[in-house]
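Structure, as structure tokens:
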Amino acid sequence: MQLIFMGPPGAGKGTQAQLLAALWKIPHISTGDILRACVVAKTALGLQAKAYMDAGELVPDQLLMDIIQERMDQPDATAGWILDGFPRTVAQAAFFDTLLCDIGTGGKSGKDCDIRAVNLDVPDNVLVTRLLSRGRQDDNEETIRRRLQVYREQTEPLIEFYSDREQLVAVDGDRDMELVTAELQQALSGDS
Ligand code: ADP
């Protein structure tokens, strides 16, 4: 099971990814969580990333590529994973294809292997309300607006990227959490 969870900030990808990863006993790899841990630990990477995150901007691709490369090398990542928050740009997605090819998913690149990209769709007004009530460090109104804009400009093109390859699974995320989980389970089980 190799899954990429996409969707705008506040769509609920983190919640769903965590739930399903526990159920399927595969790691939930959230680049947002990894970055926040680096910020707290004040590592060189964390210090570099913090200003971007606080401003609602994307952290530079190269830093994310290094993070993902290292994470995918860990022994728990061989059987499968749910990626949450990566890739977020077309450059990251292209890099990830090459990485999958290199680490040997049977010699196949991302284009030919069994990854599925899940998009959770939620309207902007719902997202803003959800994020404001969550109250994370980067969840103030100005940053939220910027994150949504960055999402539309840089991440949304990935929907077409994966849909062109018939790897896209689109799910309506504007419903009760349990219903979304059930639909995801139904749409994704059968893959292994
Ligand atoms: P969100 O709730 O906005 O989806 P995340 O926890 O996924 O939050 O990410 C928080 C922040 O971390 C992003 O706004 C961005 O600055 C940074 N970040 C996370 N993943 C990536 C990525 N793949 N590329 C660039 N920046 C990232």
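Read the numbers this way: they start at 1 and go in the same order the structure lists the ligands and their atoms. Atoms considered below: every heavy atom in the structure, side chains included; atoms not considered: hydrogens, waters and symmetry mates. Note that this is a predicted model, so its numbers are computed, not measured.
Of the heavy atoms in Leu58, both backbone and side-chain atoms come closer than 4.0 Å to ligand 1. The part of Arg136 lying near ligand 1 is the side chain, judged by heavy-atom distances below 4.0 Å.
Checking Gln69 against Asp73 by side-chain atom types alone, no donor-acceptor pair falls below 3.5 Å. A donor-acceptor contact closer than 3.5 angstrom is absent between the side chains of Thr31 and Asp84.
For atom 26 (N) of ligand 1, the nearest protein heavy atom (residue, atom name, distance) is Val59 N, 3.0 Å. In terms of protein heavy atoms, atom 17 (C) of ligand 1 is closest to Leu35 CD1, 3.5 Å. The protein heavy-atom contact nearest to atom 15 (C) of ligand 1 is Glu57 O, 3.6 Å. The protein heavy-atom contact nearest to atom 2 (O) of ligand 1 is Arg134 NH2, 3.1 Å. For atom 24 (N) of ligand 1, the closest non-hydrogen atom of the protein is Gln92 NE2, 2.9 Å. Closest protein heavy atom to atom 4 (O) of ligand 1: Lys13 NZ, 2.9 Å. Taking atom 20 (N) of ligand 1 as the reference point, the nearest protein heavy-atom neighbour is Thr31 OG1, 2.8 Å.
Every side-chain contact (heavy atoms from CB on, under 4.5 Å) that Pro27 has, sequence neighbours left out, goes to Ile29, Arg71, Asp76, Trp81.
For ligand 1, the atoms sitting less than 4.0 Å from at least one non-hydrogen atom of Gly32 are 5 (P), 6 (O), 9 (O), 19 (C), numbered in the order shown with element in parentheses.
Open room surrounds CD on Glu160; 12 or fewer heavy atoms of other groups in view lie less than 6.0 Å from it. Heavy atoms of other residues, nucleotides or ligands lying less than 6.0 angstrom from OH of Tyr52 number 12 at most.
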### Message
Test salt bridge (charged side-chain N to carboxylate O under 4.0 Å, His left out) on Arg175 and Glu183; report intermediate values, then the result.
### Response
CA-CA 11 Å; Arg175 292 174 304 162; Glu183 185 174 335; 2.6 Å; yes
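At under 3.5 Å, not a single nitrogen or oxygen of Ser30, backbone or side chain, sits near a nitrogen or oxygen of ligand 1. At a 3.5 angstrom cut-off on N or O pairs, Tyr52 does not count as close to ligand 1. For ligand 1, the polar-atom distance check against Gly85 finds a nitrogen or oxygen pair separated by under 3.5 Å.
Distances from atom 13 (C) of ligand 1 to the heavy atoms of Gln154, Arg88, Met6, Arg130 show the closest one on Arg88.
Just one residue in the list Arg147, Lys50, Arg146 forms a salt bridge (charged side-chain N to carboxylate O under 4.0 Å, His left out) with Glu57, and that residue is Arg146. The side-chain contact (heavy atoms from CB on, under 4.5 Å) test with Ile144 is passed by exactly one of Asp138, Val128, Leu127: Val128.
Note that the CZ atom of Phe95 and the CD1 atom of Ile68 stand 8.0 Å from one another [nearest 0.5 Å].
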